[in-house]
Amino acid sequence: MLRLRRPTPGTIAFCIITVLIMLRLIGRAERNGQPSTESRLVTVNTVLDGDTFITNAGERVRLLGIDAPEVAHHDTPMEPFGLESTAWLAERIGGSDVQLRIGIEETDRYGRTLAWVYAADGTLINRAALTGGYAELLDRFGLPLDLESSLRQAEAEAQVRGRGLWARSAKPSH
């Protein structure tokens, strides 16, 4: 007859920790690339630059998947096409109600809400900024599977057509 030894407290703790780590990793794998389900309506108060705005409630929102040229603030100098990018976003959504689709990471290190932003007519503003050449694709943190190809296509279209940042006189950081 096979006789099993009683597990030590250390072995039990090791097994529990291993199972918890595996569950955490499985949860991350399931969420990776999946769209967030949190969505809410906000009103845009102030556009700060081509990828950041403040809501009427004082919430700072950073558009996901894009990187627009900076306007001069604090110790950051003005980047080429920064004013045009900011003006485009202000004209497109300034004072408007927009739908936020919150990212997997809800906030960044500056406390800004990270979101995919939809105009009242359903236009994905993040993609529209790429299509017009007002921003570059920012994919180093990953892109949602349901948006990735259209975002890449939007930037490629702007590059091919020489729009905004991609005009011959502009020098994007890509």
S.K.: Checking Asp49 against Glu70 for the side-chain contact (heavy atoms from CB on, under 4.5 Å) test, could you report, in this order, the C-alpha distance in whole Å, the side-chain angles of both residues, the deciding distance, and whether it holds?
M.R.: CA-CA 7 Å; Asp49 62 23; Glu70 298 296 325; 3.4 Å; yes
S.K.: Given the rule in the side-chain contact (heavy atoms from CB on, under 4.5 Å) test, do Leu89 and Asp51 qualify, once you have shown the distances and angles that lead to the verdict?
M.R.: CA-CA 8 Å; Leu89 188 62; Asp51 56 29; 5.8 Å; no
S.K.: Verify, without hydrogens or angle tests, whether Ser150 (side chain) and Leu147 (backbone) share a donor-acceptor contact under 3.5 angstrom.
M.R.: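 Yes; at least one donor-acceptor contact below 3.5 Å.
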S.K.: How is the hydrophobic cluster of Leu48 composed, in terms of its other members, when Ile, Leu, Val, Met, Phe, Trp and Tyr link through side-chain heavy atoms under 4.5 Å apart, directly or indirectly?
M.R.: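 Via sub-4.5 Å side-chain contacts, Leu48 links to Ile54.
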S.K.: Measure the shortest side-chain to side-chain distance between Thr131 and Arg127 over non-hydrogen atoms and say whether it is less than 4.5 angstrom.
M.R.: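 Sidechains of Arg127 and Thr131: in contact.
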S.K.: Could you walk me through whether Leu63 and Thr52 pass the side-chain contact (heavy atoms from CB on, under 4.5 Å) check?
M.R.: CA-CA 6 Å; Leu63 280 74; Thr52 309; over 6 Å; no
S.K.: Are Arg140 and Asp67 within salt-bridge range, i.e. N to O under 4.0 Å?
M.R.: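 No.
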S.K.: Counting C-beta onward and ignoring hydrogens, is there a side-chain heavy-atom pair between Leu137 and Ile66 closer than 4.5 Å?
M.R.: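 The answer is no, as the side chains (C-beta and beyond) never meet within the 4.5 Å cut-off.
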S.K.: I want to check something: taking the side chain as every heavy atom from C-beta on, are Arg92 and Ile125 in contact at a cut-off of under 4.5 Å?
M.R.: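 SC-SC contact between Arg92 and Ile125 confirmed.
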S.K.: Can you find a pair of side-chain heavy atoms, one from Glu136 and one from Glu155, that are under 4.5 Å apart?
M.R.: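 Yes, at least one pair of side-chain atoms sits under 4.5 Å.
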S.K.: Indicate yes or no: at least one non-hydrogen side-chain atom of Arg152 is less than 4.5 angstrom from one of Asp139.
M.R.: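 In short, these two side chains touch, coming nearer than 4.5 Å.
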S.K.: Show the atom names and distances, to 0.1 Å, of all donor-acceptor pairs under 3.5 Å that link a side chain in residues 115-122 to residues at least two apart or in another chain.
M.R.:
| residue | atom | partner | partner atom | Å |
| --- | --- | --- | --- | --- |
| Asp121 | OD1 | Thr123 | N | 2.9 |
| Asp121 | OD1 | Thr123 | OG1 | 2.8 |
| Asp121 | OD2 | Thr123 | OG1 | 3.3 |

S.K.: Just by distance, with hydrogens left out, do Thr43 and Asp97 show a side-chain donor and acceptor under 3.5 Å apart?
M.R.: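 On atom types as modelled, these side chains qualify, holding a pair under 3.5 Å.
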S.K.: I'd like to check the ring-ring contact (aromatic ring centres under 6.0 Å, His included) partners of Phe53; sequence neighbours left out, ordered by chain and number.
M.R.: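 Phe53 satisfies ring-ring contact (aromatic ring centres under 6.0 Å, His included) with no other residue.
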S.K.: Kindly give the heavy-atom pair with the smallest separation between Gly50 and Ser85, and that separation in Å.
M.R.: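 For Gly50 and Ser85, the tightest heavy-atom pair comes out as CA-OG, 3.3 Å.
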S.K.: Which atoms form the tightest heavy-atom contact between Pro69 and Leu165, and what is the distance?
M.R.: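 Of all heavy-atom pairs spanning Pro69 and Leu165, the closest is CG-CD2, 3.5 Å.
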S.K.: Check this for me: Arg60, atom CZ, are more than 12 non-hydrogen atoms of other residues, nucleotides or ligands nearer than 6.0 Å?
M.R.: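 No, the 6.0 Å shell around CZ holds no more than 12 heavy atoms from other groups.
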S.K.: Looking at Glu59 and Arg40, is there a salt bridge between them, counting it only when a charged N and a carboxylate O are closer than 4.0 Å?
M.R.: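 Yes, this pair counts.
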S.K.: When you compare the side chains of Gln99 and Ser39, does any donor N or O come within less than 3.5 Å of an acceptor on the partner?
M.R.: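 A pair is found: one side chain offers a donor N or O, the other an acceptor, under 3.5 Å apart.
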S.K.: Are Thr55 and Asn45 side-chain neighbours, meaning at least one heavy-atom pair lies under 4.5 Å?
M.R.: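 They are not in side-chain contact.
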S.K.: Restricting to non-hydrogen atoms, name the atom on Arg101 and the atom on Pro144 that form the minimum distance, rounded to 0.1 Å.
M.R.: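 Heavy atoms of Arg101 and Pro144 come nearest at NH2-CB, 3.6 Å.
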S.K.: CZ of Arg112 to OG1 of Thr107: how many Å apart, nearest 0.5 Å?
M.R.: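 Rounded to the nearest 0.5 Å, the CZ-OG1 separation comes out at 10.5 Å.
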S.K.: Write down the atom of Val71, the atom of Thr86, and the distance for their closest heavy-atom approach.
M.R.: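 Scanning both residues completely, I find the closest heavy atoms to be CG1-OG1, 3.2 Å.
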S.K.: Rounded to the nearest 0.5 Å, what separation is found between the CG atom of Leu130 and the CH2 atom of Trp166?
M.R.: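 These two atoms lie 9.5 Å from each other.
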